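All heavy atoms count here, side chains included; hydrogens, waters and symmetry mates do not. Worth saying up front: this structure is predicted, and the values here are computed from it rather than measured. Quick note on labels: first sequence line is chain A, next is B, and so on, each numbered from 1.
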Number of protein chains: 2
Amino acid sequence: MTGGQTVGETQAPGAGRRPVFAAERRQRIIELLRVNGAVSLRELAQAVRSSEVTVRRDLRALEAEGLINRHHGGATLPGELSREPTYAQKAQVAAAEKAAIADLAASLVEDGDAIVVGPGTTTQEFARRLARHTELAVVTNSLLVAQALAGSPRIEVVLTGGTLRGSIHALVGSAAERSLAGLRVRRAFVSGNGLTAERGLSTPNTQVAGVDRALAGAAEEVVVLADHTKIGVDTMVQTIAVERFDHLVTDAGAPGDVLDELSGRGVRLHVARV
Amino acid sequence: MTGGQTVGETQAPGAGRRPVFAAERRQRIIELLRVNGAVSLRELAQAVRSSEVTVRRDLRALEAEGLINRHHGGATLPGELSREPTYAQKAQVAAAEKAAIADLAASLVEDGDAIVVGPGTTTQEFARRLARHTELAVVTNSLLVAQALAGSPRIEVVLTGGTLRGSIHALVGSAAERSLAGLRVRRAFVSGNGLTAERGLSTPNTQVAGVDRALAGAAEEVVVLADHTKIGVDTMVQTIAVERFDHLVTDAGAPGDVLDELSGRGVRLHVARV
DNA sequence: GTAGATCCGATCAGATTCGTTCTATTCCGA
DNA sequence: TCGGAATAGAACGAATCTGATCGGATCTAC
């Protein structure tokens, strides 16, 4: 990441690289926290290209202002959504596959796009990767996706209305579906609980299924994000048929036969290497 | 001799060394900042062909006028590195009062109610107090309010749709207002940035104001939550007139004359003791 | 519960930057 | 022509920032 240097050297030929102001670095740290929820000291130091000592000083200063919470080994934002479980938990989730999938999927998004993003832990990771884009319009029914993008002023985030389903922090119901009715975007990035070559995406909940269908219906192309643990799994309600798939982003652990089958049906595959 | 390369021949050929006026140089500095966002002192000195001392003087003058922000090693435009997203800091202002107000306001809610809750740090606290209620239906445009209630299975949380305003984590815009159009609930619990006896509730943002009005319009009774730091303050856009107030919940630090005036206009007062 | 590894805080040193003071130059009016 | 005022550059001590190191605290694994 690091998104490159903010200040381009459009002029001043031969001038040495401008030193990064402390305030600049601190803002960048906050941005990183806002995007990633919890970041280790080492990662921060690497991202801002400073020593860990310096970052530690910054964190201390930011903590004094009440802008962040420090933890052993890193920092988090204070009292943001359910990123509570923080650090230890996040690290142990072994979200390596999801992170890789999210990275790859983010490369399918271009500046200026209008996209739809569904709920799910993978799509949430994906949303965090979008922070570096500009002029993006993102429609979602997931509070966590919205939250991940709330700090990015260059991204317009639109939430569907609807009834909150607390367990997944997403909006469902007729209001949610209705609010998507008149919408048309380029791509939908959705996930689910199960994915088979025969029945496509599926979820155990009918309300969630209804919104998932509406999300896909609002997009020209459907991009499915699914790690290998979901592939071959079938749950109660089918949400999106394979015929509607345009892209599948998964990881190298996915069973080859299912991928072949999907590929044979015209789905473009993107396999992330962890 | 100050070297041959001084103020010299960058322009005005034949006119014989016109000095670069200070105002001109400063204008140039601002332009450079505007283009590059953040520029080091050295670069500035090089760009305007003056010594660093001179540029330093200019920067000091420009800072005094509020046109730039100085940093160690350079300068930026005021907006560039602003640490505005002070939501965390806002929550710390009068935190004890807000908690007491939230407690008191929660006693105005009965099991089985349908209510509307607006955005704000106070209403967020208020929402947390609602978790103990049952059979409640809560409509809100605040992600933080929704989040506070996400874990309560006996409360139905409905979010309006709309565009996410990241700084306050609330949904605004025409979609938000439209989704409230057909709604009717018993009470609306709203807050704002300022409250006077003459102009009622106000907020600095027009979009927020629009939704606030729609929230109040969906309820039979309006309950205003405002700690003493907001009373007597008037900001740009009026959202809800005093005539629409039914209850005001505030703390003991509120100025008596304003309270009297409001009471005289038929507003029922609830003063929380911290 | 102990041992090992990691992380944190404090102190020190090097480098850069800042503010102040002093000096030189130019412009303008008498 | 002379002198005052304003501006720009130079020099030096003070303050700030950054990175390195080391002892102590904390966390994790066994």
Side-chain angles (χ1 to χ4, degrees), chain A residues 2 5 7 12 14-30 32-33 38-65 68-76 85-94, chain B residues 1-12 14-30 32-33 38-65 68-76 81 83:
Chain A
T2 76
Q5 224 65 352
V7 181
R17 273 244 304 281
R18 179 178 69 75
V20 179
F21 303 147
E24 214 171 339
R25 199 179 47 236
R26 289 177 188 174
Q27 168 155 337
R28 189 146 168 61
I29 288 174
I30 290 183
L32 284 166
L33 285 175
V39 186
S40 74
L41 181 75
R42 187 161 305 168
E43 281 178 291
L44 286 174
Q46 208 166 331
V48 302
R49 306 196 180 202
S50 290
S51 73
E52 300 185 6
V53 182
T54 299
V55 173
R56 207 167 283 156
R57 264 191 278 252
D58 288 337
L59 293 182
R60 218 173 304 169
L62 291 171
E63 184 189 37
E65 293 186 59
I68 65 166
N69 285 340
R70 294 184 69 194
H71 300 276
H72 202 86
T76 62
T86 54
Y87 200 46
Q89 214 166 3
K90 187 202 166 190
Q92 100 186 38
V93 172
Chain B
M1 284 311 106
T2 75
Q5 99 283 21
T6 42
V7 188
E9 55 282 332
T10 57
Q11 48 207 136
R17 301 233 291 239
R18 179 174 70 77
V20 178
F21 300 131
E24 202 174 341
R25 197 178 49 235
R26 291 179 187 176
Q27 186 63 37
R28 187 99 197 287
I29 288 175
I30 290 184
L32 283 166
L33 285 175
V39 187
S40 74
L41 182 77
R42 186 160 305 165
E43 281 179 292
L44 284 174
Q46 204 166 330
V48 302
R49 311 215 175 193
S50 291
S51 73
E52 301 186 4
V53 183
T54 301
V55 174
R56 232 186 291 261
R57 266 191 278 251
D58 288 336
L59 293 183
R60 221 174 306 174
L62 290 170
E63 184 190 37
E65 293 184 58
I68 64 166
N69 284 343
R70 293 184 70 194
H71 299 277
H72 202 90
T76 62
L81 290 176
R83 201 165 302 151

Using five base pairs at each end to define the local axes, how bent is the helix from C:dG1-D:dC30 to C:dA30-D:dT1, to the nearest 10°?
30°

Atom pair distance, as rounded to whole Å: CD in B:Gln46 and P in D:dG9:
14 Å

With a cut-off of less than 4.0 Å, is there a side-chain N or O of A:Arg70 near OP1 or OP2 of C:dG9?
yes

Verdict with supporting geometry, A:Asn69 and A:Glu63, side chain to side chain contact (heavy atoms under 4.5 Å, CB included)
CA-CA 6 Å; A:Asn69 285 340; A:Glu63 184 189 37; 5.7 Å; no

DNA chain D contacts made by residues 51-60 of chain B, counting heavy atoms under 4.0 Å:
B:Ser51, B:Val53, B:Thr54, B:Arg57

Qualifying residues under side-chain contact (heavy atoms from CB on, under 4.5 Å), relative to A:Glu52, sequence neighbours excluded
A:Leu41, A:Arg42, A:Ala45, A:Arg56

Please give, in whole Å, the distance from D:dT16 P to A:Phe21 CZ?
17 Å

Nearest heavy-atom neighbours spanning B:Val39 and A:Phe21
O-CZ, 3.6 Å

Would you indicate which nucleotide in D:dT18, D:dG9, C:dC8 comes nearest to any side-chain atom of A:His72?
C:dC8

Atom NE2 of A:His71 to atom P of D:dT28: distance rounded to whole Å?
13 Å

Where the side chain of A:Gln46 meets the backbone of A:Glu43, is there a donor-acceptor pair that is under 3.5 Å apart?
no

Closest approach of A:Arg26 and A:Asp58, non-hydrogen atoms and distance?
NE-OD1, 2.7 Å

Donor-acceptor contact present, side-chain B:Arg28 to main-chain B:Ala47, <3.5 Å:
yes

Mind running side chain to side chain contact (heavy atoms under 4.5 Å, CB included) on B:Ile68 and B:Arg70 for me, showing each step along the way?
CA-CA 6 Å; B:Ile68 64 166; B:Arg70 293 184 70 194; 4.3 Å; yes

Could you pull out the closest heavy-atom pair between B:Leu33 and B:Ala75, with the gap in Å?
CD2-O, 3.3 Å

Quick one: is D:dT18 close enough that its OP1 or OP2 comes under 4.0 Å of any side-chain N or O from A:Arg25?
yes

Measure the distance from CD on B:Glu43 to P on C:dT16 and round it to the nearest whole Å.
16 Å

